[in-house]
Enquirer: 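Dropping a structure here in structure tokens format, bear with me for questions.
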Amino acid sequence: MTPQQQLLEQAVPRGSSLYYSVYFAPRESQPALRALYAYQREITEILREVRDRSVAAAKLKWWREELDRAFDGRPQHPVAQALATEVLPGRTLSKEQFAQVIEGVELDLDYGLYPSFRELSNYCHQVGGSITELAVQICGFRNPATLRYAHDLGMALQLATLLRNVRRDLDAGRLYIPEADMRQAGVSQADLLAHKTTPPIRQLFEMQVARIEDFFAHAFAHLPAEDRCRQRSGLILAHLYQAQLAEMQDAGFPLLERRIHLTPLRKFWIAWRVARRPANRKQSP
């Protein structure tokens, strides 16, 4: 296995939600989607791999330069090479959208907490929303309204990812829940660091799920019928995340004690149903 193949497989591991999302995507779009998600993983993992702020900043600066090289056809990194060969040819994609992921992680260098949802939403759009918008363009669309779907879907997916990873991020010194929400629920950061889901913390998590589901609802409402089939990859990811959110709720949100997983078989079943019946996108999995 080449270094490029290994990195692409790590970004979309077999049995993951991304794996089934890509598996049921239009066949011609699959290599580009794997490369896109590998690029996102390379950037967002920098803060988890590097604790020294100056080193992380230097790596992000290098990736800005590597992004320029990829668009110029002379990339060095295996993932950037995949972008140059699988994603960029034949498509008119904005370099700024790729760069937004880097900008979002740079924001992470300065923010340990987010005062309100306004600041957090900017981060979510940069780190996750921009990638979802690129994925929508890779899969193709006819109706410009699909770009509105892409924005709302990207916000929902990123917020759901942050909620799912709340324990891991807390242990790394970061918290992606608005301080305004915490005050409203009567929860402090110290409460969360105790790693025990109390009733106020459960209420706080419920607030986050309500916001996420609102973004999902808006995304589904904005997806034109003529683009549903080509956008089944994103719809599958949405339904998988909604199913995981439902599992979290049913379990009482033990997110500080353990992770909630869907089995690969259940993921496949949900993905298959969505792929077979894309018109039923508003039904819960």
Enquirer: Please report whether the ring centroid of F216 lies less than 6.0 Å from that of Y241.
Expert: no
Enquirer: Kindly indicate whether the side chain of I177, heavy atoms from C-beta on, has any atom under 4.5 Å from the side chain of L113.
Expert: no
Enquirer: Just checking, any donor-acceptor pair under 3.5 angstrom between side chains of Q184 and Q203?
Expert: no
Enquirer: Just to verify, what does Y20 make a ring-ring contact (aromatic ring centres under 6.0 Å, His included) with, not counting sequence neighbours?
Expert: none
Enquirer: Run the numbers on R148 and D152 for salt bridge (charged side-chain N to carboxylate O under 4.0 Å, His left out), then give the verdict.
Expert: CA-CA 6 Å; R148 179 67 184 275; D152 291 334; 3.7 Å; yes
Enquirer: Among T198, L255, L175, whose side chain to side chain contact (heavy atoms under 4.5 Å, CB included) with L192 holds?
Expert: L175
Enquirer: At their closest point, which heavy atom of V127 faces which heavy atom of Q158, and how far apart are they?
Expert: CG1-NE2, 4.0 Å
Enquirer: Looking at L262 and A243, what are the two nearest heavy atoms and their distance?
Expert: CD1-CB, 3.8 Å
Enquirer: Do R174 and Y176 pass the side-chain hydrogen bond (donor to acceptor under 3.5 Å, both in side chains) test, and can you show the C-alpha distance, the side-chain angles, and the key distance before you say yes or no?
Expert: CA-CA 7 Å; R174 294 188 299 276; Y176 299 98; 3.0 Å; yes
Enquirer: Using 0.5 Å steps for rounding, measure from the CZ atom of F215 to the NE2 atom of H218.
Expert: 8.5 Å
Enquirer: Would you call K196-D191 a salt bridge at under 4.0 Å N-O?
Expert: no
Enquirer: Who pairs with F141 by ring-ring contact (aromatic ring centres under 6.0 Å, His included), at least two apart in sequence or on another chain?
Expert: none
Enquirer: Could you grab the distance from atom CD of Q231 to atom CD1 of I236, nearest 0.5 Å is fine?
Expert: 11.5 Å
Enquirer: Is V55 reachable from I46 through a run of hydrophobic residues whose side-chain heavy atoms are each under 4.5 Å from the next?
Expert: no
Enquirer: Any heavy-atom pair between the side chains of D181 and R211 that's under 4.5 Å?
Expert: yes
Enquirer: Should L159 and V101 be counted in the same cluster of Ile, Leu, Val, Met, Phe, Trp and Tyr side chains packed under 4.5 Å apart?
Expert: yes
Enquirer: Please confirm whether the backbone N or O of G252 pairs with a side-chain atom of R202, one donor and one acceptor, at under 3.5 Å?
Expert: yes
Enquirer: Has K61 got more than 12 heavy atoms of other residues, nucleotides or ligands less than 6.0 Å from its NZ?
Expert: no
Enquirer: Looking at A35 and L83, what are the two nearest heavy atoms and their distance?
Expert: O-CD2, 3.8 Å
Enquirer: Any link between L8 and L18 through a network of hydrophobic side chains (Ile, Leu, Val, Met, Phe, Trp, Tyr) touching at under 4.5 Å?
Expert: no
Enquirer: Is the backbone of Q76 close enough, under 3.5 Å, to the side chain of Q81 for a donor and an acceptor to pair up by distance?
Expert: yes
Enquirer: Decide yes or no on side-chain hydrogen bond (donor to acceptor under 3.5 Å, both in side chains) for S94 and E96, but give the supporting numbers first.
Expert: CA-CA 5 Å; S94 167; E96 284 67 32; 2.9 Å; yes
Enquirer: To the nearest 0.5 Å, tell me how far F117 CZ sits from Y123 OH.
Expert: 13.0 Å
Enquirer: Tell me whether E9 at atom CD has more than 12 heavy atoms from other residues, nucleotides or ligands lying less than 6.0 Å away.
Expert: no
Enquirer: Is any side-chain heavy atom of T146 closer than 4.5 Å to one of R230?
Expert: no
Enquirer: With side-chain contact (heavy atoms from CB on, under 4.5 Å) as the criterion, how do R34 and V22 come out once you've worked through the C-alpha distance, each side chain's angles and the decisive distance to 0.1 Å?
Expert: CA-CA 7 Å; R34 291 190 186 95; V22 173; 4.0 Å; yes
Enquirer: If you compare all heavy atoms of Q249 against all heavy atoms of E206, which two are closest, and at what distance to 0.1 Å?
Expert: NE2-OE1, 3.2 Å
Enquirer: With a 4.5 Å cut-off on side-chain heavy-atom distances among I, L, V, M, F, W and Y, is there a chain of contacts connecting L157 to L240?
Expert: yes
Enquirer: Could you check whether E66 pairs with R74 (Lys NZ or Arg NE/NH1/NH2 to Asp/Glu carboxylate O, under 4.0 Å)?
Expert: no
Enquirer: Whether E247 and R164 form a salt bridge (side-chain N of Lys/Arg under 4.0 Å from carboxylate O of Asp/Glu) is what I want to check.
Expert: no
Enquirer: Restricting to pairs with a member in residues 83-92, which pass side chain to side chain donor-acceptor pair (under 3.5 Å), not counting sequence neighbours?
Expert: none
Enquirer: Kindly compute the distance separating CD (Q137) from OG1 (T132), expressed to the nearest 0.5 Å.
Expert: 11.5 Å
Enquirer: May I ask you to decide if the ring planes of F24 and F268 are parallel, tilted or perpendicular, using 30° and 60° as cut-offs?
Expert: tilted
Enquirer: Whether R183 and E179 form a salt bridge (side-chain N of Lys/Arg under 4.0 Å from carboxylate O of Asp/Glu) is what I want to check.
Expert: no
Enquirer: State whether the side chain of Q4 and the backbone N or O of P78 hold a donor-acceptor pair below 3.5 Å, judged by distance alone.
Expert: yes
Enquirer: Can you see whether W269 has R276 sitting over its ring - NZ or CZ less than 6.0 Å from the centre and within 45° of the normal?
Expert: no
Enquirer: Run the numbers on L67 and Y39 for side-chain contact (heavy atoms from CB on, under 4.5 Å), then give the verdict.
Expert: CA-CA 10 Å; L67 187 59; Y39 168 74; 3.9 Å; yes
Enquirer: Measure the spacing between SG of C139 and CZ of R232 and express it to the nearest 0.5 Å.
Expert: 8.0 Å
Enquirer: Classify the ring geometry of H239 against F220: parallel below 30°, tilted from 30° to 60°, perpendicular beyond 60°.
Expert: tilted
Enquirer: When you measure from the side chain of Q97 to the backbone of I131, do you find a donor-acceptor pair of N or O atoms at a distance under 3.5 Å?
Expert: no
Enquirer: For S130 and E133, test the side chains for any donor-to-acceptor distance below 3.5 angstrom and give the result as yes or no.
Expert: no
Enquirer: Provide the closest heavy-atom pair for L36 versus V87 in the form atom of the first, atom of the second, distance.
Expert: N-CG2, 4.3 Å
Enquirer: Run the side-chain hydrogen bond (donor to acceptor under 3.5 Å, both in side chains) test on Q30 and R27 for me, step by step, so that the C-alpha distance in whole Å, both residues' side-chain angles and the decisive distance to 0.1 Å come before the verdict.
Expert: CA-CA 5 Å; Q30 292 177 12; R27 187 169 299 274; 4.8 Å; no
Enquirer: For F205 and V187, what are the C-alpha separation, side-chain angles and deciding distance, and is it a side-chain contact (heavy atoms from CB on, under 4.5 Å)?
Expert: CA-CA 11 Å; F205 291 160; V187 174; over 6 Å; no
Enquirer: Give a yes or no on whether the backbone of L256 and the side-chain of R167 come within a donor-acceptor separation of less than 3.5 Å.
Expert: yes
Enquirer: Does the pair L7 and H77 meet the rule for a side-chain contact (heavy atoms from CB on, under 4.5 Å), with working shown?
Expert: CA-CA 10 Å; L7 289 171; H77 193 281; 3.7 Å; yes
Enquirer: To the nearest 0.5 Å, what is the distance between CZ on R64 and CD1 on I43?
Expert: 10.0 Å
Enquirer: Look at the side-chain heavy atoms of Ile, Leu, Val, Met, Phe, Trp and Tyr, link any pair under 4.5 Å apart, and say whether L60 and V50 land in one connected group.
Expert: no
Enquirer: Would you name the heavy atoms of Y149 and A219 that are closest together and state the gap between them?
Expert: CD1-O, 3.2 Å
Enquirer: Side chains of V209 and M248, heavy atoms from C-beta outward: is any pair under 4.5 Å?
Expert: no
Enquirer: Here's a test for you: under salt bridge (Lys or Arg N to Asp or Glu O under 4.0 Å), which of D171, D108, D169 qualifies with R48?
Expert: D169
